[in-house]
Structures are given as structure tokens and as C-alpha cells.
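In what follows, a single structure is set out as C-alpha cells and then discussed.
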Amino acid sequence: MTETILSPMSLLAELTHRCPLQCPYCSNPLALEPRRNELSTQEWISVLDQAAEMGVLQVHFSGGEPMSRPDLPDLIRHAVGLGLYTNLITSGVLLNEKTFPMLVEAGLDHVQLSFQDIDTANAEHVGGMKGAQARKLEAARLVAADGMPLTLNFVIYRENAARVPQMLDAAVEMGARRVEIAHTQYYGWGLANREALMPTAQQLEQTTQAVEAAREKYAGRLTIDYVTPDYYADRPKPCMGGWGRRFINISPSGRVLPCHAAETIPNVAFPDVRHDTLAHIWRDSPLFTMFRGTDWMPQPCRSCDQREKDWGGCRCQALALAGDARATDPVCSRAPDHERVVRVLETLPAEPPPFRYRRYVRATDEVG
Amino acid sequence: MITGLTGDSVIRFARGVRLQHDRVRERWIIQAPERAFIPDPVAAEVLKLVDGTRTLGQIVAELATRFAAPVDVIGRDVHVMVSDLITRQVLVA
């Protein structure tokens, strides 16, 4: 082993896959975890203890909708006691005058609130929940009124791309300090809906210009994180800052993953916190060591001057597009399979097909 | 440069931002919404004195004593640094 193993910085705690919304770009896997498999409060507390001990600095409580878990305030309080920075990643539809004070009292540091669009009708069409927009606006108002820092997250796709300027103006009006303008990433549900969601090159250019204009207009008041759809890039993203370098994802049932899409990787065991310690999994499990560093890389990555910048791009994308998780990310113009990405963009349908909504498949839920 | 920032301004961290010692990596870090970053050694010394009661002038005086340096030189540097950290939503005055 020639790679230095760093301590993880950040833990994404996916407390549940249950969610009132059904967004067709959801980052959860296609096979959603039923409630009965979820970790208990005590099991999550042990995860937080171990994470802090290992050097994790920030914990992101996510889901599904993490506010579906009644023990969320207890988990936040425990994390705060360990010195962890606590972030809630929420749809906001369960955040109200009754529930939010419990999170404030627990010591929550920050809220990231997602919007499907700034246009109510389309937002609720995409989220699949009537009345959701009003609840989200109320959630934003409560967080801003409290003074807790607020980040808004807008996932961008074909239908809402033109409204990025209004999203950014609205973020300032809502009192957000940060906003994420994040183009859909094409894994899991997003990949299943790629033809309906993928923007055109012209739309991408317009969103980039809107972000640049707003950065100037709102300098010092609003920080804008901008994430592009990497299908249009020449070089791949440094996915998760490199496999097993900074980031740990825990699934609702306790599987420990290098990223939230890693359950698609074939022929490897998925370690979990019910059977092993977090430190041992991070350091030695086959899942975490298989793509750590640069030793695993094929050509052209192995001799590429970017290999410690982009870490070969994204393994799940290599699997999805090239059929091989060990391949160079096909997004890279130097990749043998780059043509596949070009072809996807050249064959986008003129009329987007209907969404395949994120839903539990009943058979999966029952068989579990 | 932030206009209105004077020696009498009380400096504090923005809500949701804090200086914290990272005992695993043995260094100071700034914890902020969805990111943690490492202050340079000088910034860390300044931030350790930010407690929500000290004024900018008191912070400068404290550093001048500690590092046996002229107040006007330190004052300029700290003013620039604090202005920058206010722009970056780390501090508020």
C-alpha cells in the first residue's frame, strides 16, 4: 500500500430513505431502504462517537427526509456535544413552528433547504407533493428569522434552467447566506430520468452566465456554489475529493460507503456498522481500499498529470457509462469511452419523456 | 475594506461559524456552513481573540503586546484581515 490514509473530514448520515417528496433526480439508490431496516438511535449515537474519534469535523444529517426521524433532535444534540459541526439537509416540508425550535434547542448549526424550482406549479410537479412550496417558504422564513445560517439548494434540470436568475434573487430575499445552483448529477434516479432532465448546451451556458452575474451583484452577501453537469465537461470532477479520502456516507441501514451511489459497484462486500467498526471499515475494507489513491488506475489515468487532482473522476459514472467501475470516467476527453457521453448529448430527445418518480417499489419494500 | 469598521467595533463570529481545535490533525480550523478551512497562523492568532466582547482596537493592542510589535503596523494588517473575513461571512462587526 503506497497510499497515505487520511482521516475523514465529513460524514453524510442518511437517517432514512422515507420522504414526502418523489423528486425524479433523488440521490438515493433505486432500491430504497424500508423503515424496519433503519439503524436505531443508539446505533447512530455509536456512529457519531466513532466518527468524531476518527477526526470527522462535520456531520450532515440527510435522507430521504431526515425530519421523518423523531430522534433527530437527540442525534443533533449528541453530535454537538462531540464538537461536530451539524448540518441539516432537508426538504423543509416537515420544518414548522413546532419542530424547528427543537432543532435550535439541540444546537443545530446550519440548515440546507432544497427547492425543486422557484415556480410553484413546476416545483410541485417535480416533487410530486401539492402544497410543498408554501411549506418550504415557511421553513426558510423560520430559519432566517432565528438567525441560523441558511443555504438554499436548487437542483437544475431542463425544465427549470431558465429560472436560475429568479432563484438567486429569491435566495437573497429569503435571507439565505449561501445558495447551491447544482445541476443534476446522473446517478440512480437522475440517471433513470436523464433524457427528461439533461439541459442543452445553450441552457448550461445561460445558467453559468446567470451565476456569474449574481456573484457580482450579490458579492459579500450571498455565496454561490455552482455545480455543472459533468457530461459537458472535458475533465471529470474529483468525485468526493477522491475515493476514501475525505468522506464517509452511512446508509439508513448502516452500510458504510465512499459515496451515496457506491451501492451500484458490483463484486464487493458492503461493510456496515452493525458488524464492524467505522475506523476498521475506513482503513481496511475492500470497498474503501479498492479505488483509494492512484494504484488502481488504468491508463490513461495512471500516467496523467491530473491523476491527483481529479482522482480518475467518478467510479459510479464509469460503471454507469462504460460498464466498468475501474475505467477512466468517460466524461474525460482522454477516456477510451468518451464517445458514449458525446452520443448521449447528441441524441437528447426534442421533447422530454415523462418522469419516473422516486418511489418505493412495493415488492422490494415487502421482501426487503 | 469594510466601511465603518473602526477600533471601537466589537468583532464576533457570524452565527454558524466558529474557530475550533482539530485534535486529530493538531491544528486550528474554521468551521462554517458546509465547509471547514484552515486559517493561516496569523489569522488563527487573531481569531483566538474574537470572543464577541473585544473590540478591534483591543484585539490589536493584545497582539501588539504579545508579539512586541508596533500597534500601527499590526493594526493595519488586522484591519485588512478582519475586513476580508467579514466579506467572506466569517466575522461580523
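In the text below, chain A, chain B and the rest are named by the order of the sequence lines, each starting its count at 1. Computed over heavy atoms, backbone and side chain alike; hydrogens, waters and symmetry mates excluded. Everything quoted here is computed from the prediction, not taken from an experiment.
For the options B/R15, B/Q20, B/Q89, heavy-atom pairs under 4.5 Å to chain A are most numerous at B/R15. Counting heavy-atom pairs closer than 4.5 Å to chain B, the top-ranked of the candidates A/R221, A/M148, A/E53 is A/M148. If you tally non-hydrogen atom pairs under 4.5 Å between each of B/A36, B/G16, B/A14 and chain A, the highest count goes to B/G16. Of the listed residues A/L57, A/N87, A/I89, A/L6, the one with more heavy-atom pairs under 4.5 angstrom with chain B than any other is A/L57.
Taking non-hydrogen atoms and a 4.5 Å limit, the residue list of residues 168-180 of chain A in contact with chain B, ordered by number, reads A/R177, A/R178, A/E180. Contacts of residues 28-35 of chain B with chain A at a heavy-atom distance below 4.5 Å involve B/I29, B/Q31, B/A32, B/P33, B/E34, B/R35, listed in sequence order.
The environment of CZ in B/R18 is crowded: more than 12 heavy-atom neighbours from other residues, nucleotides or ligands sit within 6.0 Å.
Interface remark: A/T151 contributes side-chain atoms only to the contact with chain B (heavy atom separation under 4.5 Å). Contact annotation for A/M54: only backbone heavy atoms (N, CA, C, O) come within less than 4.5 Å of a heavy atom of chain B.
The shortest heavy-atom contact between A/G55 and B/V24 is CA-CG2, 3.5 Å.
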